[in-house]
Chemist: 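Can you keep this structure in mind? I'll have questions shortly.
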Amino acid sequence: MSDTHAQTVAFVREGMLDQQPPPTREAGTVKWVRENLFPTWLNAILTIVSLYVIWVVVSTFVMWAFSPTWNATSLSECRQMLEELGRSTETACWGVIRDRWEQLLFGFYPSDLYWRPTVALIVLLAGLGPVLFGTFPRWFMGFSLASPFLIFLLLWGGPIWLPLTVALGFGLGVVAFRVFSRVNQIVAVLVAIVIPLLYWLLLAWPLASELARVMPIGLEPVQSKQFGGFMLSIVIGVTAIVLSLPLGILLALGRASNLFIVTKLSVVFIEIIRGVPLIVWLFTASLLLNYFLPPGTNFDLTLRVIIMVTLFSAAYIAEVVRGGLSAVPKGQYEGANSLGLSYWQSMQLIVLPQALKISIPGIVNTFIGLFKDTTLVLFIGLLDPLGLINSIRASTDWNGIYWELYVFVALLFFVACFSMGRYSLHLEKKLQREHR
Amino acid sequence: MSEAAQDRTVNRSAMQVSDEVAIEINNMNKWYGTFHVLRDINLTVNRGERIVICGPSGSGKSTLIRCINRLEEHQSGQIIVDGTELSSDLKNIDKIRSEVGMCFQHFNLFPHLTILENCTLAPIWVRKTPKKEAEATAMHFLEKVKIPEQANKYPGQLSGGQQQRVAIARSLCMKPRIMLFDEPTSALDPEMIKEVLDTMIELAEEGMTMICVTHEMGFAQAVANRVIFMDQGQIVEQNEPKEFFNNPRSERTKLFLSQILGH
């Protein structure tokens, strides 16, 4: 024992103390239970009461959900099965899921072509792999770049020439940028935007139809009217997520820029889009846009919805990223400037990697919200899973059923959103490890 | 005040000042809004000069050197660096910034990049140096500041002194002809100051043109060939270090020196 009392000022330790284990009451499970569940009498009572409530809720749900009605083909048959088993009629009828799951997943997509959306989903997951986890061989990145066109072809079908000619436009843009960047960076960017746009507007469509006439190779076309179910949610959600991230970052940079007009335009865009409910924008897409388009144009409704949802979520992403941008210390901008990095270089290499790292939780949060908001397309007549539930409940076989369908759809959305949340956590931890 | 610089024999013979002008500042003024922060600054720095700028806080020392690589904009007068005048022309600014290295009080290393990546980033992206070559140069300078073994760590894993030495190496990788130091030791623990000053002294011995804003008067005496005292946005006094410390002429300088050397 040390002897450092006031009366003995001089003190020299002669040997250092070894580590000792803590007393048993202060370690392991005993300590945890005592501290977390039964620290005081009041807390002990609350613990017991809450355990009882949890038991009641869980057991009621399990009793409802555990129901051998998988083979029922209608609600009345299901009720009969339950009566024979002596179970309450307030029990789940899972037959409706077996009967209609394909419809909930694919809507009115032709049933002999269900393999196409399925393959498209696999292509999507494989294509996202290198983007999300970054530990794939280099050639796989090429597959990721090609996957949007492949997915388009699989879902909508038609001749293979349309996605190919559209993809060629991007190729033209890259080539133009390479050629002109030797002259001047700004000119190169402009040329790389203008050339593909002109090509798409003037050349792509005639070229594709001509090629399709000469060599009619392709898949059976499917109208987007036939899209529906969870597949429609994924198509709208994923496209909007993928497109709104870059757009949102550009808007955030615009808002934080010191160019007067760029700043004001970004602010106006963000505030207008954010200030109006999504449902209003969806109605705009479905009804009002027709007045502004030349008569006779058939501008796909699903496409219009995707554009609106993208713009809507881009405005939110912009605000989340702006928060990240302002959290990057001023010294980082100065450090980058003092080394002679240009604006775009310092944004790309220094500021955005740090700003995005800070904004990951907010960005993923926005995406989860956006994905669930795709169910709002129900109101403009697209058949998302909720829209299909209404039509299933209207059929004579399943008139009167609702819980089972909603539980199933909720489960689908939960799996998708929970995965996004987990991915965000994984990414945060990974970047934390890397940067420290 | 650190005694760091004195316990090392500084080789002043190698520090040659040439007649060639590196930086020329003529009648330069700067305002923050309506606040006149730099008033009629005139300063000529020859190649090979080591200049220490000191003065009370808020006297405009940092602002002055930040104007030299355009981290701050001046509103009137002229700044000519290496024969190029600083104007709003972005090309000139980028050219000057890649010729002028700068070290900051808070290092401003990039926390998401390793030490090596911090050092190779600007050579690769600004100078278009091949990656291999940039890495070789970076390792050369990391060895020079005596931390090659930290090359693959992240800045957050290093001590303050090590971080500042990395920051110096990062600037040197751009092969600058002029180095600016903005209070490089003010944010460091006392035991770290010496290692950074030693690195700066070595740099001076190799003939680098340097402008340092610092309160390290030992460093000023050992290395500088000119000490500049600033107050209220003006250059109040400048002289050789010996004269400056032993025979300060202005009352303000005397007061300032008595405050920082007083104990």
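Letters A, B, ... mirror the listed sequences (proteins, then strands); counts begin at 1. This is a predicted model, so every value here is computed, not measured.
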Chemist: Does CZ in F149(A) sit with more than 12 non-hydrogen atoms of other residues, nucleotides or ligands closer than 6.0 Å?
Modeler: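 It does: F149(A) CZ has more than 12 such atoms within range.
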Chemist: Taking all non-hydrogen atoms of both residues into account, name the closest pair between A122(B) and L339(A) and its distance.
Modeler: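 Result for this residue pair: CB-CB, 3.8 Å.
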Chemist: Which bit of R127(B) comes within less than 4.5 Å of chain A, counting heavy atoms only: side chain, backbone, both or neither?
Modeler: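 The answer is neither part of R127(B).
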Chemist: Going from CD on E334(A) to CE on M102(B), what distance comes out if it is rounded to the nearest 0.5 angstrom?
Modeler: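 Interatomic distance, E334(A) CD to M102(B) CE, rounded to 0.5 Å: 7.5 Å.
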Chemist: Could you grab the distance from atom CG of N108(B) to atom OG of S338(A), nearest 0.5 Å is fine?
Modeler: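 Between atom CG of N108(B) and atom OG of S338(A) there are 7.5 Å.
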Chemist: Which pair of non-hydrogen atoms, one from G335(A) and one from R170(B), has the smallest distance, and what is that distance?
Modeler: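 Where G335(A) meets R170(B) most closely, the heavy atoms are CA-NH2, 4.3 Å.
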Chemist: Heavy-atom distance under 4.5 Å to chain B: side chain of Q345(A), backbone, both or neither?
Modeler: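 Contact with chain B is through the side chain of Q345(A) alone.
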Chemist: Checking heavy atoms, do the side chain of F110(B), its backbone, both or neither come under 4.5 Å from chain A?
Modeler: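 Interface part for F110(B): both.
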Chemist: Is the number of heavy atoms from other residues, nucleotides or ligands within 6.0 Å of CZ (R178(A)) greater than 12?
Modeler: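 Open: at most 12 neighbouring heavy atoms sit under 6.0 Å from CZ of R178(A).
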Chemist: Under 4.5 Å, counting heavy-atom pairs only, tell me which of I93(B), N69(B), V100(B), L71(B) racks up the most with chain A.
Modeler: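 Among the listed options, the one with the most contacts to chain A is L71(B).
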Chemist: How long is the straight-line distance from CG of L341(A) back to CH2 of W125(B), given to the nearest 0.5 Å?
Modeler: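 Here the rounded value is 9.5 Å.
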Chemist: Do you know which of I96(B), L121(B), T114(B) has the most heavy-atom pairs with chain A at a distance under 4.5 angstrom?
Modeler: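 Of the options given, most contacts go to L121(B).
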Chemist: More than 12 foreign heavy atoms under 6.0 Å from CG of L259(A): is that the case here?
Modeler: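 Result for CG/L259(A): enclosed.
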Chemist: Considering all heavy atoms of both residues, which atom of P111(B) and which atom of Q354(A) are nearest to each other, and what is their separation?
Modeler: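 Shortest heavy-atom contact: CG-OE1, 3.4 Å.
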Chemist: Any idea which heavy atoms bring H112(B) and P353(A) closest together, and the distance?
Modeler: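 Here H112(B) and P353(A) meet closest at CD2-CB, 3.6 Å.
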Chemist: Which atoms of L109(B) come close to chain A, meaning under 4.5 Å heavy atom to heavy atom: side chain ones, backbone ones, both, or neither?
Modeler: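 Answer is backbone: N, CA, C or O of L109(B) sit under 4.5 Å from chain A.
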Chemist: Should the heavy atoms of other residues, nucleotides or ligands under 6.0 Å from OH of Y32(B) be counted, would the total exceed 12?
Modeler: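 Enclosed: over 12 neighbouring heavy atoms sit under 6.0 Å from OH of Y32(B).
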